[in-house]
Engineer: 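Would you mind keeping the following structure in view while I ask a few things?
Scope of the values below: all heavy atoms of this structure, side chains included, with no hydrogens, waters or symmetry mates. All ligand and atom numbering here is 1-based and tracks the order in the structure.
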Amino acid sequence: MGAENAEYHSCPDDLSIATHSNIAEAVPKLLNDVIKGVNNLNHGTDEDRKDMVIKCRALARALETPRETMVDHCWGQIGAIAAIGFGVDSGLWVLMAQNGDKPQKVTDLAVGLGVDTKLLGRVMRHVCAMGLLIEVGEDEYRSTNYTKALSLPQIGHGYLGVTTCTAAGTLKFHEFSRKRGWVNPTNSHDTSLMYAYGTEKNVFDWVHDSGYGKHLNDYLGGYNLGRPCWMDPDVYPVKEILIDGADSSPDAPFLVDVGGNMGHDLTRFHSRYPNAPGKLILQDLPMMIHQIKDLDPAIIRMEYDFHQEQPVKGARAYYIHSTLHNWPDDVCESILARVKEAMKPGYSRLLINENVVPHIGAHWETTGLDMLMLTLFSSEERTSTAWYDLIERRAGLRIAKC
Ligand SMILES: C[S@@+](CC[C@H](N)C(=O)[O-])C[C@H]1O[C@@H](n2cnc3c(N)ncnc32)[C@H](O)[C@@H]1O
């Protein structure tokens, strides 16, 4: 298995291109944009800050050489993932956060954690060299806001629950693709993750059975932090469209979160709209529902496989968040059919909270997530064209707003 079967095409043999800037001609304008952006940063919005991040990344990429980009990916970034995961698992980031902002010696941290001093020193040196930790002396560091945040399960646990226990699916994708004749994969029973690990399990079962289910769930509760929320009045007018005109009897189902994981979205909804009428119902597979520790009693937990008949009929709204992107169209069609059968015409709505990939100018967060869907699930982040095709043509529902 592997590279021996690959056919490689001839390439230009001018090695000097490897040591010249990636996009030299873009550097002056990007630099100008960054300088202008810095001046606006103090009184700008968070959107201005995000725009600066994009420009700074683009500037660094344009300026560095192909050789530098290659070693950044193949040494720097992958090494950082290893080092950060080590820090999460060993408790390094929690210990550093507990110690506060003072300088911290590797020797003291190693004793506190019960890990080898030399090993910890190597790990921390790389995290620092990648700009994520502050060096104050030899083998002595200070936390950054980033390393402090790694002590939060919502941030730190993503490295283990999403990346390290599934990464072979992503890293072996070229091989999987070659063996499948370089076609876009759309079979949920044949994914690069399954190929790489020699398993028939899907991602959720694989991660859960590998012992990282809680880590994945913590990440799911955190990856959206700071982003606009669907229930913000300027995003979706919950009162006007859902609450006004809803059946107000206490037993009427109001909002059903299908594949709602630990209930973070319904929890947020309940704190934002504590007086919404009817029931809030959280549905997920038994293995997820059983892991729920704390959940507001206002939210009803329900074990449910979304391929089966939807047991909650005629809810005001069915809500599906970051779940359809895990599945190719045929599976989504089946999930949607179960919801459609349960909807009360003229009363029920289906709310789908997912990315819409723009046809041009997509953000790397969206394309990066699409690569995860591709390499772990044989599924995709969809463009508006793909969403219309799925929802209207295949599932027979009408999109009110995209
Ligand atoms: C990517 S997570 C999204 C969770 C949550 N909606 C959110 O946005 O954070 C997908 C969820 O779908 C659930 N799921 C997967 N297969 C399912 C099935 N057959 N029936 C019900 N839920 C399922 C998983 O357990 C997981 O909680």
Engineer: Can a side-chain donor-acceptor contact be found between D257 and Q283 if the only test is distance below 3.5 angstrom?
Structural biologist: no
Engineer: Out of all atoms in ligand 1, which are within 4.0 Å of some heavy atom of N326? Include the element for each.
Structural biologist: 1 (C), 10 (C)
Engineer: Before accepting this row, confirm whether a basic side-chain N of the pair D370/R382 lies closer than 4.0 Å to the acidic partner's carboxylate O.
Structural biologist: no
Engineer: Okay, side chain of E200, backbone of M194: is any donor-acceptor separation there less than 3.5 Å?
Structural biologist: no
Engineer: Are any of the N/O atoms in N261 less than 3.5 Å from those in ligand 1?
Structural biologist: yes
Engineer: Is it true that the side chains of T366 and E381 contain a donor and an acceptor less than 3.5 Å apart?
Structural biologist: no
Engineer: Report, in ascending order of atom number, the atoms of ligand 1 lying under 4.0 Å from any heavy atom of D305.
Structural biologist: 18 (C), 19 (N), 20 (N)
Engineer: Which atoms of ligand 1 are found less than 4.0 Å from any heavy atom of H264?
Structural biologist: 7 (C), 9 (O)
Engineer: Keeping the roles fixed (side chain from E68, backbone from T65), state whether a donor-acceptor pair exists under 3.5 Å.
Structural biologist: yes
Engineer: Compare D284, V207, D257 and give the one whose heavy atom is closest to atom 26 (C) of ligand 1.
Structural biologist: D284
Engineer: If you take the nearest heavy atom of each of V203, T323, V162, which one is closest to atom 10 (C) of ligand 1?
Structural biologist: T323
Engineer: Give the contacting part of F306 toward ligand 1: side chain, backbone, both or neither, where contact means a heavy-atom distance below 4.0 Å.
Structural biologist: both
Engineer: Tell me whether R316 forms a cation-pi arrangement with Y347, defined as NZ or CZ under 6.0 Å from the six-membered ring centre and within 45 degrees of its axis.
Structural biologist: yes
Engineer: Counting heavy atoms only, name the option from S322, G259, G260, S334 that's nearest to atom 4 (C) of ligand 1.
Structural biologist: G259
Engineer: Check whether K313 reaches the backbone of Q310 with its side chain - one donor and one acceptor, N or O, closer than 3.5 Å.
Structural biologist: yes
Engineer: In ligand 1, which numbered atoms sit nearer than 4.0 Å to a non-hydrogen atom of Y304?
Structural biologist: 20 (N), 21 (C)
Engineer: Can you find an N or O of M288 that's nearer than 3.5 Å to an N or O of ligand 1?
Structural biologist: no
Engineer: I'd like to check which ligand 1 atoms, numbered from 1 as shown, lie under 4.0 Å from a non-hydrogen atom of H321.
Structural biologist: 3 (C), 5 (C), 6 (N), 7 (C), 8 (O)
Engineer: Taking T383 for its side chain and P358 for its backbone only, find out whether a donor-acceptor pair lies under 3.5 Å.
Structural biologist: no
